[in-house]
Amino acid sequence: MALLGCGVVGTQVVRLLEEQADDLAARVGVPLELAGVAVRRRDRAREGVDPALLTTDAENLVTRDDVDIVIEVIGGIEPARSLMLAAMKSGKSVITANKALLAEDGATLFAAAREYGADLYYEASVAGAIPLLRPLRESLVGDRVQRVLGIVNGTTNYILDQMDTHGAGFQEALEEAQELGYAEADPTADVEGFDAAAKAAILAQLAFHTPVTAADVHREGITEVSAADVAGAKEMDSVVKLLAICERVPGPDGADRGVSVRVYPAMIPRSHPLASVREAYNAVFVEAQSAGSLMFYGAGAGGAPTASAILGDLVAVARNLVGGSPGPVEVTYASLPVLPMGETVTRYYVQLDVDDRSGVLATVATEFAKHGVSIQAVRQEGLGDDAQLVIVTHRAPDAALSATVEKLREFDSVREVASVMRVEGDE
């Protein structure tokens, strides 16, 4: 086999291959031998990696005759895509942890796997060590998955957890996450929701057998989550989490009208199992028609957990090669449309700083009614300059809720829209 990349994850893959060599050989039926490791620079010290295995010629490595499996952990779009395509064209099976590439151009990779009869496995691309994709891909293939809901980014979960449990501000919690190694020096991919959106696209494609890319996913990050949002959630006995939500949307006749795929911070009740997912852990709920609700929980990132998922794929692919039969191929026969966020039915929590005078509540309630948004609960707090209205809506099209909030910003009696947050969980 060949390994592309030898950073945090790659070095852990090499370590596990060496430490578990006998067990892996027994599980597969033949020894698993590392033929080479492609790196950008050979002169860097890599603990536990034989320097003789290192090469800077990745193109040659993936097409060598003594390589039958290629493991890609370099990340990014190029040269990862070209190398994986070259490997499959040469008859090699591919294992990857590359969520960004799968979410942007997975269709090209899946088509190549089908054309050349190669395996393409990618368990490590979503939720690290948690066995999540294989259950969707194989265990639940005979069922109808209705919804996937979860926390799929450990960095943002750590930040929001610190804001909730210790009262930390966003910047303070982010800096702590960086010090602990949970967040990169440039945390944009995590805190702006790009990482979670890529994972949501992969989950939706598997769950609903329909093509979904990262560009199809409605994405909002956590940089705008304020202390007021967190405090408002506490008052509702809720917690703020960055959620990835993928679900079928039925039409009037009960048939699928399309799918909704979105990532955003939302309030969830503390009674919900996802509310107790703390620090940098991940957890995902899968709701299927026959199997019911399933929950997957564990370490969602890190060198060793990700390497564990890669080795699980490696054993599966190696067994397929020994047995002479390829693994499952992705099928996107459904081709359901991905619906725009405006058509998605959601609930809102809205906190308004208002003038302390009669008639304000009636005026605000009338505006919600004009847009067809029903109010579930309303609470009036404070006096004078501290006067506030706290409103929780019933489920309504997101476009109607957004339009209502924007209109309220124009009201003279509304000094400030202090907090706006979507609400998930039971009404």
Does the [X] side chain pair with the main chain of [Y], one donor and one acceptor, at a distance under 3.5 Å?
X: Arg81; Y: Pro79; result: no
X: Asp256; Y: Gly258; result: no
X: Lys92; Y: Ala118; result: no
X: Ser276; Y: Pro273; result: yes
X: Thr363; Y: Gly359; result: yes
X: Thr332; Y: Ser335; result: no
X: Thr55; Y: Asp57; result: yes
X: Asp216; Y: Thr213; result: yes

Trace of the side-chain hydrogen bond (donor to acceptor under 3.5 Å, both in side chains) decision for Glu279 with Tyr182: CA-CA 10 Å; Glu279 298 191 336; Tyr182 295 142; 5.0 Å; no
Roughly how far, to the nearest 0.5 Å, is the [atom2] atom of [Y] from the [atom1] atom of [X]?
X: Leu242; Y: Glu192; atom1: CG; atom2: CD; answer: 10.5 Å
X: Thr156; Y: Phe170; atom1: OG1; atom2: CZ; answer: 9.5 Å
X: Glu19; Y: Gln12; atom1: CD; atom2: CD; answer: 8.5 Å
X: Glu235; Y: Gln351; atom1: CD; atom2: CD; answer: 7.0 Å
X: Glu123; Y: Ser125; atom1: CD; atom2: OG; answer: 7.5 Å
X: Leu132; Y: Asn282; atom1: CG; atom2: CG; answer: 9.5 Å

Sub-6.0 Å ring centroid separation between Tyr348 and Phe368: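 So the answer is no for these two rings.
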Worked check of side-chain contact (heavy atoms from CB on, under 4.5 Å) between Ile151 and Leu243: CA-CA 5 Å; Ile151 298 164; Leu243 299 179; 4.1 Å; yes
So, [X] and [Y], do they make that salt bridge, N to O below 4.0 Å?
X: Glu247; Y: Arg257; answer: no
X: Glu416; Y: Arg409; answer: no
X: Glu330; Y: Arg137; answer: yes
X: Glu424; Y: Arg422; answer: no

Would you please say whether a donor-acceptor pair under 3.5 Å links the side chains of [X] and [Y]?
X: Arg262; Y: Ser260; result: yes
X: Ser82; Y: Glu78; result: yes
X: Gln289; Y: Asp143; result: no

List the atom of [X], the atom of [Y], and the distance in Å for their closest heavy-atom pair.
X: Leu109; Y: Met88; value: O-CE, 3.7 Å
X: Gln178; Y: Ala185; value: NE2-O, 3.3 Å
X: Met421; Y: Pro265; value: SD-O, 3.3 Å
X: Cys246; Y: Val261; value: SG-CG1, 4.0 Å
X: Val263; Y: Gly193; value: CG1-O, 4.3 Å
X: Ala113; Y: Leu120; value: CB-CB, 4.1 Å

Side chain proximity check, Tyr121 to Ser93, heavy atoms < 4.5 angstrom: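 No. Closest side-chain heavy atoms not under 4.5 Å.
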Check: Glu343 and Pro340 side chains under 4.5 Å, non-hydrogen atoms: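 Yes; the side chains approach each other to less than 4.5 Å.
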Test side-chain hydrogen bond (donor to acceptor under 3.5 Å, both in side chains) applied to Thr346 and Asp398, step by step: CA-CA 6 Å; Thr346 62; Asp398 194 81; 3.2 Å; yes
Geometric cation-pi criterion Arg219 and Tyr264, 6.0 Å radius, 45° cone: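 Verdict for Tyr264: no cation-pi partner in Arg219.
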Lys/Arg cation over aromatic Phe208: Arg147, 6.0 Å, 45° cone: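 Cation-pi check for Arg147 and Phe208: fails.
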Intermediate values then yes/no, side-chain contact (heavy atoms from CB on, under 4.5 Å), Arg248 and Leu336: CA-CA 9 Å; Arg248 295 178 186 270; Leu336 297 169; 3.9 Å; yes
Derivation and outcome, side-chain hydrogen bond (donor to acceptor under 3.5 Å, both in side chains), residues Thr63 and Glu59: CA-CA 7 Å; Thr63 57; Glu59 293 84 354; over 6 Å; no
Parallel, tilted or perpendicular: ring planes of Phe110 versus Tyr122, cut at 30 and 60 degrees: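 The rings of Phe110 and Tyr122 sit tilted, inter-plane angle from 30° to 60°.
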CA sep, side-chain torsions, deciding dist, call: Val277, Asp161, side-chain contact (heavy atoms from CB on, under 4.5 Å): CA-CA 9 Å; Val277 178; Asp161 182 50; over 6 Å; no
side-chain hydrogen bond (donor to acceptor under 3.5 Å, both in side chains) evaluation trace for Thr188 with Asp186: CA-CA 6 Å; Thr188 302; Asp186 179 0; 2.6 Å; yes
side-chain contact (heavy atoms from CB on, under 4.5 Å) partner of Ile69, chosen from Asp313, Asp119, Leu321, Leu3: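 Checked Asp313, Asp119, Leu321, Leu3 against Ile69; only one passes side-chain contact (heavy atoms from CB on, under 4.5 Å): Leu321.
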Worked verdict on Leu408 versus Glu367 for side-chain contact (heavy atoms from CB on, under 4.5 Å): CA-CA 8 Å; Leu408 292 175; Glu367 192 61 36; 4.1 Å; yes
